[in-house]
Visitor: 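Below you'll find the structure I mean.
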Amino acid sequence: MSKPSLPQGTRDFNAETVRKRNYIFNTIRSVFEVYGFQPLETPAMENLDTLMGKYGDEGDKLIFKILNNGLDNEAKKQQAKDDFDKILSGKNTKGITERALRYDLTIPFARYVAMNHGQLTFPFKRYQIQPVWRADRPQRGRYREFYQCDCDVVGSYSLLNEVELANIYATAFEKLGVDVEIKINSRKILAALAELCGGADKMIDITIAIDKLDKIGIEKVKDELVQRGLNESQIDMIEKYLSINGSNDEKLIALKNLVGDNATAKKGIDEIEYLLNYSLPTPNSRLSIDFTLARGLNYYTGIIFEVKAKGVQMGSIGGGGRYDDLTSTFDVPNIPGVGISFGVDRIYDVMEELNLFPETVQTATQVLFFNLGDAESKAAFGLMQQLRAKNVRCEMYHEQTKFDKQFKYADKKQIPYAVIIGTKELEEGNCNLKNLKESTQQTLTNGQLLDFTF
RNA sequence: GAGGGCGUAGCUCAGUAGGUUAGAGCGACAGUUUGUGGCACUGUAGGUCGUGGGUUCGAGACCCAUCGUUCUCCCCA
């Protein structure tokens with residue numbers, strides 16, 4: 001037997017952590033529900049060809065593939081060897097692997113919509129909170145198994161959906177007590193910039209470079225644009241674009257001056273103005289235009305979102321945006337959508353760092369019943385069950401032993417109350433209730449104990 | 001995919017220029033004469049020094065490999 005260990009990049013969660021994580025999940029889930037979104041769960045594994053080719057070349061490498069069963073079947077040995085040779089030359093084959101662990105929640109959702117679009121009522125609003133797996137190299141804040149928390153609306157072009165999603169962000173983070181800035185931009189504006197700087201085909205090059213701005217600075221971004229084949233006047237324009245600042249209104253004015261004649265840009269500006277026209281329900285969060293926001297994923301086509309926590313050094317804790325055609329890859333065209341995602345693991349880290357978890361999240365045992373003999377513990381057990389029926393969290397020490405050990409057990413589990421029923425109390429039909437933090441004790445009748453407010 | 005750091009007791013770590021029986025703190029367990037804990041004191045258990053080779057009279061220490069872990073870059077949540 002070797003020492004037990006965990007697969008790389010996975011974690012156990014102890015009771016305290018599970019409770020805190022559930023607090024985050026439940027908070028977000030309740031907001032989704034209030035906004036009329038319905039839950040969806042999909043299998044941990046998908047057919048490999050559902051996933052392959054959807055995340056780019058890099059993404060394909062990071063998909064966890066599942067080995068087929070029955071490869072040791074003697075009768076099919078030669079076939080298995082031939083198939084394995086294909087694997088070695090870099091091709092996937094159903095003979096060796098035909099299933100894989102899901103890599104995100106968006107593609108399984110698209111698969112679901114494509115399979116069921118005849119039955120669904122559009123716009124279809126779903127949320128999904130499940131783990132995903134990536135064969136990435138683990139590092140700080142990055143794991144091979146982690147949760148995603150998505151909500152999307154498909155089958156509607158209405159910008160009202162964007163308004164609702166912005167409100168979901170604001171409401172959820174307000175409930176969690178996390179002070180955030182919700183940044184918005186439009187891919188149409190970025191597309192217009194590309195049109196004006198070397199053509200629409202440069203859009204991906206430009207967005208990738210811009211996306212790195214806050215990380216590497218303007219000079220390095222310019223270097224990268226040079227490498228990607230842009231000329232001096234084009235880079236000059238991008239620099240002007242990136243240096244726009246001020247309030248939302250001031251930014252819009254500056255942008256209109258820069259690219260306002262362009263039809264695509266105008267559409268993007270209209271979208272942003274529409275969104276800003278609705279105010280958020282909460283004082284501690286606000287929408288702010290960030291024209292440098294690009295987001296890496298190429299399928300976004302309209303408004304894009306990104307959420308940053310204020311007061312901590314941490315990457316984005318949420319993101320999303322509009323995409324024109326979610327399901328055409330599964331031969332079901334013309335289903336547009338817009339969605340957002342919460343980065344639960346990072347939200348957890350932010351809340352831990354800022355000490356934002358409420359005390360009440362930790363709902364451990366409230367009362368320990370001492371075990372002081374057969375007859376005594378039997379009487380205690382009866383009382384304990386009555387308290388439990390009133391939703392008081394109780395446990396009884398597992399065996400009769402001296403006081404010292406039972407007190408120490410309560411200490412270690414940070415149980416605030418002890419109920420002590422010894423021979424004397426048993427005879428008199430009462431009990432001692434001790435407050436272990438304050439070291440005070442009172443004698444109660446059994447009836448008084450059952451009515452006590454813990 | 002590229003490049004660093006670190007693997008010694010359950011946990012956090014010491015272990016000097018290679019030299020007998022590998023240490024501390026915390027934790028665990030037991031006790032300080034069995035109806036009131038947290039403190040204190042005493043004692044006990046627990047390590048193939050990640051693994052496998054190599055150098056040496058001698059390796060926890062040096063070299064190589066391997067595994068694990070962690071960080072940076074790429075990419076992402």
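Predicted model, so just to flag it, every value in this text is computed and none were measured. Numbered from 1 within each chain, the chains take letters A, B, ... in sequence-line order.
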Visitor: Under 4.0 Å, counting only non-hydrogen atoms across every strand here, what does A/Y143 touch: a base, just sugar-phosphate, or nothing?
Guide: base
Visitor: Output the pairing pattern of RNA chain B as a dot-bracket string, 5' first, Watson-Crick or G-U wobble with both distances under 3.5 Å, | for cross-strand pairs, [ ] for crossing pairs.
Guide: (((((((..((((.....[...)))).(((((.......))))).....(((((..]....))))))))))))....
Visitor: Any N or O donor-acceptor pair under 3.5 Å from the base of B/G35 to the side chain of A/E425?
Guide: yes
Visitor: Whether A/R134 engages the ring of A/Y103 as a cation-pi pair (distance to the six-membered ring centre under 6.0 angstrom, angle to the ring normal within 45°) should be assessed.
Guide: yes
Visitor: Among A/F32, A/F25, A/Y127, A/Y147, find the residue that satisfies the ring pair (Phe, Tyr, Trp, His ring centres under 6.0 Å) test when tested with A/F342.
Guide: A/F32
Visitor: Kindly point out which of B/G35, B/G31, B/G37 is positioned nearest to the side chain of A/T423?
Guide: B/G35
Visitor: With nearest nucleotides of RNA chain B determined for A/G422 and A/K437 from heavy-atom distances, which residue corresponds to the more 5′ nucleotide?
Guide: A/G422
Visitor: Could you check whether any side-chain N or O of A/D290 sits under 3.5 Å from a backbone N or O of A/K183, counting only pairs where one atom can act as donor and the other as acceptor?
Guide: no
Visitor: Does some side-chain heavy atom of A/L433 sit less than 4.5 Å from a side-chain heavy atom of A/F454?
Guide: yes
Visitor: Check the angle between the aromatic planes of A/F173 and A/Y169 and answer parallel, tilted or perpendicular using the 30° and 60° thresholds.
Guide: parallel
Visitor: Return no unless some side-chain N or O of A/K405 is found under 4.0 Å from OP1 or OP2 of B/A30.
Guide: yes
Visitor: Would you please say whether a donor-acceptor pair under 3.5 Å links the side chains of A/S377 and A/Q400?
Guide: no
Visitor: With no hydrogens and no angle check, is any side-chain donor or acceptor of A/N68 less than 3.5 Å from a backbone partner on A/G95?
Guide: yes
Visitor: Among B/A77, B/G37, B/G35, find the nucleotide with the atom closest to the side chain of A/R134.
Guide: B/A77
Visitor: Return the set of residues passing side chain to side chain contact (heavy atoms under 4.5 Å, CB included) with A/R346 (not counting sequence neighbours), or none when no residue passes.
Guide: A/M314, A/S316, A/I317
Visitor: Working note: A/F357 + A/Y348, criterion ring pair (Phe, Tyr, Trp, His ring centres under 6.0 Å); need CA distance, chi angles, decisive distance, verdict.
Guide: CA-CA 9 Å; A/F357 287 105; A/Y348 180 96; 5.5 Å; yes
Visitor: Pick the P atom in B/C41 and in B/G27, then give their distance to the nearest Å.
Guide: 11 Å
Visitor: OP1 or OP2 of B/G38 sitting under 4.0 Å from any side-chain N/O of A/K412?
Guide: no
Visitor: Could you check whether A/F146 and the base of B/A77 form a stacked pair, meaning centres closer than 5.5 Å and planes differing by less than 30°?
Guide: yes
Visitor: When you check every protein heavy atom under 4.0 Å of nucleotides 67-75 of chain B, what one-letter string (B, S, -) results, 5' to 3'?
Guide: --S-SSBBB
